Structures are given as C-alpha cells and as structure tokens.
Amino acid sequence: MIPPTISRIVLVGFMGAGKTSVGRRLAERLGWRFFDLDAEVERKTGLSIEEIFDRWGEDRFRVLEVEVGNLLLVETEAVVATGGGWAASPERRGELPAGTLSIWLRVHPEEAVRRAQDDARARPMLDVEDPIERARELLIERTPLYEAATLRVDTEGRAVDDVTSRILEILETHGMEFDPE
Ligand code: S3P
C-alpha cells in the first residue's frame with residue numbers, strides 16, 4: 001500500500017536497474033535530498049565497495065550496508081538508492097519505517113549486465129566468468145524480496161527521465177504534489 005504521507009522513497013532492484021541515476025533525478029524533481037547507499041558506505045569506511053569486498057568479504061559488506069541503510073531510513077524528504085543486495089540481505093529484517101515508499105526498478109539480467117559493464121563502478125558480485133548466468137541466479141534468489149516493494153516500474157529500454165516521469169505520474173495519481181519542471 002502507498003503510505004498516506006510519503007516521507008521518503010527507497011529504490012530497490014538489481015545492479016544496473018538505474019537506482020542511482022533515477023534516484024538522483026527523482027530527488028531533483030521532487031526538490032528532495034538524494035542519498036546513495038553505496039556512496040554512503042564508501043564515505044563512512046573510506047574504502048570503495050570493491051576494497052570492502054576484497055578486504056572484508058561480502059558478509060561484512062552486508063552488515064555495513066544494513067547499518068548505514070538504517071541511518072538513511074530516518075531521513076525525510078529523501079530519495080534513497082539502495083545497493084542491489086540490500087533488499088535481499090539476510091541482515092535486513094522487518095518492515096520499513098512508516099512513511100517509506102519502496103519502488104522496485106525492474107531490469108532483466110542481460111540488460112543489467114550490459115549496463116553494469118558500461119558503468120565505471122566495479123561490481124564484485126558480477127566479477128565472475130559468466131556474469132549473465134550469475135545475474136540470472138541472483139535474480140531468482142532476490143526477485144521475491146524485490147517484489148515486496150510497494151511499486152514496480154520496468155526500466156527495460158527506458159531512459160532515466162522516462163522512468164522518473166513514470167514514478168512521478170504514479171505519485172501524482174495518488175495525490176502527491178511535486179514541483180513540475
Ligand atoms: C551489489 C550491488 C551494488 C553494490 C555491491 C553489491 C549486489 O550496488 O552494493 O557491489 O549485491 O547486488 P548497485 O546495485 O548500485 O550496483
């Protein structure tokens with residue numbers, strides 16, 4: 001259910017779904033602040049995501065990701081782009097705080113890998129011989145958890161502005177006001 005008053009929007013979904021780009025754009029359009037969970041984890045640790053995986057491993061990264069995510073989930077008038085594993089993390093339990101609208105940005109594995117490869121940021125989870133196969137496996141595991149989001153928006157073949165406009169359209173239909181461009 002869409003919360004009656006939306007204090008924050010959390011974007012979930014696989015790597016390459018466009019969470020960071022759409023989140024930044026959405027925040028701009030709403031006049032809200034934007035937070036990127038990976039960037040916050042990097043800022044707090046002084047290490048890149050790749051370095052965290054290399055030095056401490058995935059399990060430690062998941063703990064950090066949830067800890068830092070919890071700090072962001074108290075922000076209001078904020079759009080939070082999570083990392084692709086956050087919604088599915090075993091470290092993350094329970095409901096999102098009241099006033100949180102979660103949106104799943106959906107992408108297919110082939111497109112996700114293509115976009116991730118075009119992006120300068122390293123994706124340790126896809127650093128394997130067959131990243132598409134890995135993406136398929138991860139998506140099978142994670143899809144039920146992404147599906148728990150309140151809204152789903154398909155991003156396949158759609159530009160950042162299109163996806164953002166689609167989200168704003170849905171919000172408008174539910175009576176939410178924002179500054180039109
Ligand atoms: C991960 C996704 C990445 C980053 C880390 C792990 C994942 O974020 O958190 O590399 O497990 O799906 P993006 O979804 O922003 O690429």
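Counting starts at 1 for both ligands and their atoms, following the listed order. Please read all numbers here as calculations on a predicted model, not as lab measurements.
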Task: Side chain proximity check, Trp104 to Asp154, heavy atoms < 4.5 angstrom - done: no
Open item on the list: Quick test: of every protein heavy atom, which one is nearest to atom 16 (O) of ligand 1, and how far off is it to 0.1 Å?
Closed with: Arg123 NE, 2.5 Å
TODO: Mark the output for Glu50 as yes if a heavy-atom distance to ligand 1 is under 4.0 Å, and as no if none is.
DONE: no
Open item on the list: Please compare Gly13, Ala112, Gly85 and report which has the shortest non-hydrogen distance to atom 7 (C) of ligand 1.
Closed with: Gly85
Open item on the list: Just so I know, are the side chains of Leu101 and Val10 near enough to count as touching, which here means a heavy-atom distance under 4.5 Å?
Closed with: no
TODO: Please say whether Arg142 places an N or O atom under 3.5 Å from an N or O atom belonging to ligand 1.
DONE: yes
Task: Location of contacts on Phe61 toward ligand 1, heavy atoms closer than 4.0 Å - done: side chain
Open item on the list: Below 3.5 Å, N or O to N or O, backbone or side chain included: is there any such pair between Gly83 and ligand 1?
Closed with: no
Task: Ligand-side contact atoms (ligand 1) for residue partner Ile49, heavy atom cut-off under 4.0 Å - done: 5 (C), 10 (O)
Task: Heavy-atom nearest option to atom 8 (O) of ligand 1, drawn from Asp127, Ile52, Asp38 - done: Asp38
Open item on the list: Between Thr100 and Arg8, do the side chains contain a donor N or O and an acceptor N or O under 3.5 Å apart?
Closed with: yes
Open item on the list: One residue to check: Met15. Relative to ligand 1, which of side chain, backbone, both or neither has a non-hydrogen atom less than 4.0 Å away?
Closed with: both
- [ ] Look at the rings of Tyr146 and Phe14 and say which category their plane angle falls in: under 30° parallel, 30 to 60° tilted, over 60° perpendicular.
- [x] perpendicular
Task: Any donor-acceptor N/O pair, Ser7 side chain to Thr76 backbone, under 3.5 Å - done: no
Open item on the list: Quick check on contacts: which atoms of ligand 1 are under 4.0 angstrom from a heavy atom of Met125?
Closed with: 6 (C), 7 (C), 11 (O)
Task: Sub-4.0 Å atoms of ligand 1 with respect to non-hydrogen atoms of Pro124 - done: 10 (O)
TODO: Decide whether the shortest distance between a heavy atom of Arg62 and an atom of ligand 1 is less than 4.0 Å.
DONE: yes
Task: Nitrogen or oxygen of Ala122 less than 3.5 angstrom from that of ligand 1 - done: no
Open item on the list: Is there a side-chain contact between Arg115 and Thr155 in this structure, where contact means two heavy atoms from C-beta onward sitting under 4.5 Å apart?
Closed with: yes
TODO: Indicate yes or no: does Arg136 engage Glu110 in a salt bridge with an N to O separation below 4.0 Å.
DONE: yes
Open item on the list: Any salt bridge linking Arg24 with Asp36? Criterion: basic side-chain nitrogen under 4.0 Å from a carboxylate oxygen.
Closed with: no
Task: Among Thr150, Val163, Ile9, Val79, the one residue meeting side chain to side chain contact (heavy atoms under 4.5 Å, CB included) with Ile103 - done: Ile9
Task: ligand 1 versus Glu58: contacting region, heavy-atom distance under 4.0 Å - done: neither
